Amino acid sequence: MLDKLNINAFISFGLGFILICLSEATETQVNYTAKPRVVLPPNYVKEIRPPSKKGSPVIVDFSIFVVDINSINVEDMDFRVDMFIHQRWHEPRLEIPDDIFEEGDDYVTLLPEVFENFWQPDPYFLNSKIAEIATLTHKFTSVTLYKNKTVRYAARMHAIIACQMEFQLYPMDIQVCPIHIESFSSNNQKVKLRWSDSGVTLNPELKLLQYNLGQPLQLEESDGYMPEKVGNFSRLTVYFRFERQIGHHLIQTFAPSSLVVMLSWFSFWLGLDAIPGRVTLLVTCMLTLVTMFTGADIPPVAYVKALDLWMAGCMLSVFAALAEFVVVKVLDVQYQYQVNRIPKVLPMRISNMEKGQCATVASWEGGAVRSRKATQTPTTPGQTSLQGNGGPPKPARRQSLLSVAWTDTDTGVEKIMWREIDKVSRAVFPILFFVFVLLYWPILLMKSS
């Protein structure tokens, strides 16, 4: 009986001890959460903005430190930016004890859990596709509270910003991409965003692969009407100016295409006896330009770009050289046909007469027989023409070749048209291409500037 009493007493004592420990722990937890070191007034409501003078809006100073800009995507027309954002505003409703500040400091860093009980502005990136706070083990945010009741919020973010790009001057285009920051729920009568003194700062080690970032950055403060939210909202804008570097395209596109065009001019020094080599040269030049044009990293847009005009000029020059070859070949065929044509002089008596074996030749005109004396007309060597008394003279072979060949009246040298066309093309084609270059680059530079 005594043993049972001892056991019951021991159990009762243990249960009582456990209940006392739990009650103390609960009281400690309640006391810690109910009395934070930064005490908010009893009537504090975090959904209500801080009071201001005469109903003026709460001023929120905003600044950005750009860490990196990458992935400038011309197909999706966007770019990614990694940055630190800072917001600063005054919260006069806070009751801040002096013992939370370390000696010599006028600020203290708060935990994110405490900051959740504060009123917070709600800016967002108006033209962002994705915007989120960077996270490793936790979100990279910090909240600093100053003795003058100023709250400073900082966060590491990355965002993908949409940008309406124009490529008419590609590859010397300049893209101006804005980032719009706007208050989401509070209109401009309640919250006003403004750039701080630091504004937008760039990482001094920031380098872009194909672009130069124009500086200084243009900052703007405005009020934009949002029909979706029915009201005017405070808006901040920073404009990034991306100037494309031309060096890559000079090496990969402009210089090789110019050399290919110059290579096509060598065909004018190849005679028609080298037809396979001349055709191969011109066709290879054309295919090379087509490959360069289709393989270049060109934005797939529906309108004409500056690079399209350049490639079109180069391809047109090579195509014209190929067309010139076709023309001179046709003229050469006509010339060879005229040279190799044998006059049909029949019967054999005429041939004998030309050799002096017969002094006259009979011809039938209108059923009557007439006799004509054969005479020789001076023609080119190896050719004799007949001319009778009263009969019309037969055209000489030289006269029939006037369309494809002629004799220089000064030197007496025979000139063939297809050879003359090749000689003229040796000067005309380079001159026309250089005129195209002299017109293309100044106009492009003026428009891009």
Side-chain angles (χ1 to χ4, degrees), residues 72-77 165-175 207-212 242-272 274-329 418 421-449:
I72 302 178
N73 194 332
V74 298
E75 294 184 0
D76 296 334
M77 292 199 297
M165 301 180 181
E166 298 291 340
F167 299 102
Q168 283 88 352
L169 300 178
Y170 180 89
M172 293 192 65
D173 54 317
I174 299 176
Q175 306 298 338
K207 293 182 180 180
L208 302 180
L209 185 61
Q210 296 187 19
Y211 296 88
N212 293 322
F242 301 115
E243 301 175 0
R244 192 183 301 273
Q245 298 176 5
I246 191 64
H248 169 75
H249 295 277
L250 285 176
I251 298 174
Q252 296 293 328
T253 304
F254 289 103
S257 59
S258 300
L259 292 177
V260 171
V261 172
M262 295 178 184
L263 184 63
S264 68
W265 300 339
F266 294 163
S267 64
F268 302 138
W269 273 266
L270 298 177
L272 291 181
I275 292 178
R278 190 164 180 173
V279 173
T280 302
L281 176 63
L282 293 175
V283 173
T284 301
C285 291
M286 177 62 71
L287 294 179
T288 302
L289 289 177
V290 172
T291 304
M292 292 175 57
F293 183 69
T294 56
D297 185 16
I298 302 176
V301 294
Y303 46 83
V304 178
K305 302 174 290 296
L307 186 59
D308 296 337
L309 296 177
W310 173 264
M311 297 303 296
C314 293
M315 294 177 66
L316 183 62
S317 178
V318 176
F319 180 79
L322 186 59
E324 187 268 352
F325 166 73
V326 175
V327 171
V328 298
K329 180 58 182 174
W418 70 265
I421 292 177
D422 268 352
K423 292 179 181 179
V424 173
S425 298
R426 296 170 189 174
V428 171
F429 274 71
I431 291 174
L432 292 178
F433 184 73
F434 288 135
V435 169
F436 168 70
V437 172
L438 293 177
L439 291 177
Y440 179 86
W441 284 106
I443 294 176
L444 183 59
L445 292 173
M446 287 189 296
K447 286 185 175 294
S448 63
S449 61

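Predicted model, so just to flag it, every value in this text is computed and none were measured. Worth knowing before you read on, the calculation uses all heavy atoms, side chains too, and leaves out hydrogens, waters and symmetry mates.
For the atom pair CG of Leu444 and CD of Gln168, the computed distance is 12.0 Å after rounding to the nearest 0.5 Å. Rounding to the nearest 0.5 angstrom, the gap separating the CD atom in Glu243 from the CG atom in Asp173 is 10.5 Å. If you take CG on Leu169 and CD1 on Ile443, they are separated by 11.5 Å, rounding to the nearest 0.5 Å. Between the SG atom in Cys285 and the CZ atom in Phe319 there is a gap of 14.5 Å [rounded to 0.5 Å]. In this structure, Gln210 CD and Leu208 CG are separated by 10.0 Å, a value rounded to the nearest 0.5 Å. If you take NE2 on His249 and CE on Met172, they are separated by 10.5 Å, rounding to the nearest 0.5 Å.
Side-chain atoms of Tyr440 come within 3.5 Å of backbone N or O of Ala306 as a donor-acceptor pair. Judged purely by atom type and a 3.5 angstrom limit, Arg278 uses its side chain to pair as donor or acceptor with the backbone of Ser267. Remark: the backbone N or O of Gln175 is not paired with any side-chain donor or acceptor of Glu166 at under 3.5 angstrom. With Thr253 contributing its side chain and Leu250 its backbone, the two residues share no donor-acceptor pair below 3.5 Å. A donor-acceptor distance shorter than 3.5 angstrom exists from the side chain of Ser448 to the backbone of Leu445, with no hydrogens or angles considered. A distance-only check finds no donor-acceptor pair linking the side chain of Thr280 to the backbone of Gly277 [under 3.5 Å]. A donor-acceptor pair is defined here as one N or O able to donate and one able to accept, closer than 3.5 Å; such a pair exists between the side chain of Thr288 and the backbone of Thr284.
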Just do the side-chain contact (heavy atoms from CB on, under 4.5 Å) check on Val74 and Arg244 with the steps written out, would you?
-> CA-CA 12 Å; Val74 298; Arg244 192 183 301 273; 4.1 Å; yes
Applying side-chain contact (heavy atoms from CB on, under 4.5 Å), run through Trp310 and Lys305 and close with a yes or a no.
-> CA-CA 9 Å; Trp310 173 264; Lys305 302 174 290 296; over 6 Å; no
Trace of the side-chain contact (heavy atoms from CB on, under 4.5 Å) decision for Gln245 with Leu209 | CA-CA 9 Å; Gln245 298 176 5; Leu209 185 61; over 6 Å; no
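Between Leu272 and Phe325, some side-chain heavy-atom pair lies under the 4.5 Å cut-off. Within the 4.5 Å cutoff, the side chain of Met165 has heavy atoms near those of the Ile72 side chain.
Considering every non-hydrogen atom in both Lys329 and Ile275, the closest pair reads NZ-CD1, 3.3 Å. Across Pro171 and Phe254, no two heavy atoms sit closer than the pair CG-CE1, 3.7 Å. Val328 and Trp418 get closest at one heavy-atom pair: O-CB, 3.5 Å. Residues Trp265 and Ser317 approach most closely at NE1-OG, 4.0 Å, considering heavy atoms. Closest non-hydrogen pair, Phe436 versus Gly313, comes out as CZ-CA, 4.0 Å. The minimum heavy-atom distance linking Cys314 with Phe433 is given by the pair SG-CE1, 4.2 Å.
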